[in-house]
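Reading through the structure tokens given below for one structure.
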Amino acid sequence: MNMLSVSKFLVPHHQQSHPNPKIIPCYYSSFSLVFNNKGLVNNKFRYLSMKCSNSSTSYDGGSELFEPDPSLTNEDLKPTSPTQRTLTGFEMASLWIGLVVGVPSYYLAGSLVDLGMAWWQGIGTVVVANMILLVPLVLTGHPGTIYGISFPVLARSSFGINGAHIPTLLRALIGCGWYGIESWIGGEAIFLLLPQSLKNNSSLSSYLPWLGTSPLEFLCFLGFWVAQLGFVWRGIDGIRMLEKYSAPILILLTSCLLVWCYVNAGGFGHMLSLSSRLTTSEFWSVFFPSITANISFWATVAINIPDFTRYAKTQNDQIIGQIGLPIFMGLFTFVGLAVTSSTKVIFGRVISNPIQLLGQIGGLTTCVLAIFGISLATLTTNIAANVVAPANALVNLSPKVFTFRRGAILTALLGIAFQPWRLLRSSESFVYTWLVGYSAIMGPIGGVVLADYYLIKRTCLSVSDLYSRSVHGAYYYSKGFNVAAIVALVLGILPVVPGFLWKVGIVRSVHNVFVVIYNNAWFISFFSAGFLHWILSSLISNISKADKFDDGGESLLSSSS
């Protein structure tokens with residue numbers, strides 16, 4: 001049997017020879033797993049009990065085996081083994097290249113220019129938003145690398161063994177919506193390849209009001225939807241290989257597109273001449289909701305980033321890899337703006353849709369290459385960003401029923417139900433309704449998880465309790481639910497609801513305060529939910545200590561009498 005210890009890979013070298021291995025700083029992992037060539041030994045985990053030096057929580061008793069509750073684990077949910085921790089900083093960065101290079105990112109800065117910003121203001125907004133997001137991204141990735149756990153398992157520490165289903169399923173729901181959006185974009189690429197005679201067929205190309213699109217476009221959407229399932233079926237290994245080898249191809253194709261527009265438009269003079277159409281007050285009224293929209297663009301991945309960082313070799317690798325986000329987003333939005341602005345010079349009209357643009361460029365060979373590039377970009381973004389989190393959430397919901405593959409298939413099916421063609425009707429609906437709207441859900445989830453991990457748990461987690469339904473477990477709370485986290489989550493979302501209802505037209509008018517709150521939904525919900533969770537948890541902890549003290553005093557009086 002080949003015994004492998006995770007702890008020697010996770011604990012810094014100088015800590016492995018600590019004079020008292022039972023008392024170590026809580027920000028170091030102190031657990032290990034026992035693996036043979038087929039997986040866990042007798043389906044048990046081994047962990048090294050520990051006492052956290054800066055926490056009131058202690059785990060003492062040496063190294064022992066514990067058996068995880070069958071309803072809380074399977075092959076997809078167990079902590080990663082040393083042999084699975086292979087992602088380097090370069091590969092983490094490659095993941096972001098695959099995520100960033102895609103049609104929605106191309107649209108993003110262009111949509112800001114459509115709303116009146118200058119080209120440099122649009123790119124600056126995107127970069128600033130992603131630099132802000134980089135902070136929670138790295139912080140949330142930390143427990144994934146240290147403990148080898150996915151987001152659903154991490155959520156158990158803050159929301160409770162059962163309560164974790166609430167944030168994971170909410171994250172899954174947003175992922176399903178994005179899966180549908182990306183699949184629709186891939187379907188548009190297929191539609192572009194179709195012969196003109198088929199597109200002119202009135203029975204297939206006619207718009208159907210009840211469907212919201214034409215039958216032919218819908219069939220292309222379903223075709224791309226089916227094509228993705230081959231990669232989804234291979235699981236996380238297939239996703240990892242896809243991201244690794246597609247990154248250089250996507251960089252090459254993007255560079256070719258940029259060179260083409262530079263040559264044919266005679267430089268980037270037209271883009272550089274684009275000035276803002278907004279007054280100072282109008283700019284700020286657009287800037288803040290745009291920052292929120294750009295943060296929420298990747299806020300979904302920032303929530304479930306442990307699903308990826310659990311495969312990172314070291315903490316440095318995950319941090320170096322994450323820095324790629326603002327860099328690549330800035331570069332690719334520049335490409336999107338440069339190419340879009342150049343179309344005015346080349347074709348006499350602005351073509352903001354890259355799929356339509358690629359259809360105008362040249363002959364069959366160019367068209368096929370363009371479609372290949374769009375399909376690859378869509379695949380890499382969609383599968384990594386929008387399949388992993390929902391699939392893991394469903395596995396966490398019922399490990400006996402769902403595997404990663406089954407969860408991924410259900411995610412794909414729900415993506416159709418979102419009717420993504422309606423979400424992409426305009427820049428306004430895409431940015432201010434879809435992106436800003438769901439940031440009110442992602443913000444408080446991130447706030448609660450980070451406040452709990454850093455301010456309450458002080459980065460110290462009991463791995464055994466994350467897989468236990470024992471009423472004495474650290475994360476059982478009240479019947480498996482952490483009331484403080486759930487209340488904080490709800491109260492973080494509620495202030496944004498009136499503004500959202502006004503935005504989608506359900507409510508005709510609301511007070512201006514709610515409009516401001518909605519436009520800054522991620523910031524307000526993130527910080528308010530995190531702060532509330534910290535306060536409520538502290539109050540509950542103090543009440544619990546007081547009750548224990550009272551019980552102790554009564555027992556003492558009873559014994560004295």
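One-based numbering along the sequence shown.
Taking the ring pair (Phe, Tyr, Trp, His ring centres under 6.0 Å) definition, one finds that Trp298 meets it with Trp96, sequence neighbours left out. Not counting sequence neighbours, Phe151 has no partner by the ring pair (Phe, Tyr, Trp, His ring centres under 6.0 Å) test. By the side-chain contact (heavy atoms from CB on, under 4.5 Å) test, Asn74 is found to be paired with Asp76, Leu77, Val395, Pro399, residues two or more places apart in sequence or in another chain being considered. Tyr453 is linked by a side-chain hydrogen bond (donor to acceptor under 3.5 Å, both in side chains) to His142, counting only residues two or more places apart in sequence or in another chain. In this view, Asp317 and Thr314 satisfy the side-chain hydrogen bond (donor to acceptor under 3.5 Å, both in side chains) rule, not counting sequence neighbours. Remark: Ile249 pairs with Leu253, Phe372, Leu376 by the side-chain contact (heavy atoms from CB on, under 4.5 Å) rule, at least two apart or across chains. Ser71 meets the side-chain contact (heavy atoms from CB on, under 4.5 Å) test with Asp69, Arg469; sequence neighbours excluded. By the side-chain hydrogen bond (donor to acceptor under 3.5 Å, both in side chains) test, Ser183 is found to be paired with Gln228, Asn382, residues two or more places apart in sequence or in another chain being considered. Every side-chain contact (heavy atoms from CB on, under 4.5 Å) that Phe283 has, sequence neighbours left out, goes to Met117, Gln121, Leu278, Phe287. Residues forming a side-chain hydrogen bond (donor to acceptor under 3.5 Å, both in side chains) with Glu182 (at least two apart in sequence, or on another chain): none.
Under the 30°/60° scheme for interplanar angles, the aromatic rings of Tyr475 and Tyr477 are found to be tilted. Between Phe500 and Tyr518, the two ring planes are tilted [angle within 30° to 60°].
A donor-acceptor contact shorter than 3.5 Å links the side chain of Thr292 to the backbone of Asn519.
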Carefully, step by step, assess Phe297 and Trp178 under the rule ring-ring contact (aromatic ring centres under 6.0 Å, His included).
-> CA-CA 10 Å; Phe297 192 79; Trp178 265 116; 5.5 Å; yes

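Screening residues 127-140 for side chain to side chain donor-acceptor pair (under 3.5 Å) gives no qualifying pairs among residues at least two apart or on separate chains.
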List the atom pairs, with distances to 0.1 Å, where a side-chain N or O of residues 165-172 and a protein N or O form a donor-acceptor pair under 3.5 Å, not counting sequence neighbours.
unit_1, atom_1, unit_2, atom_2, d
His165, ND1, Asn396, ND2, 3.4
Thr168, OG1, Ala164, O, 2.8
Thr168, OG1, His165, O, 3.2
Arg171, NE, Thr300, O, 2.8
Arg171, NE, Asn304, OD1, 3.0
Arg171, NH2, Asn304, OD1, 2.9
Arg171, NH2, Ala385, O, 3.0

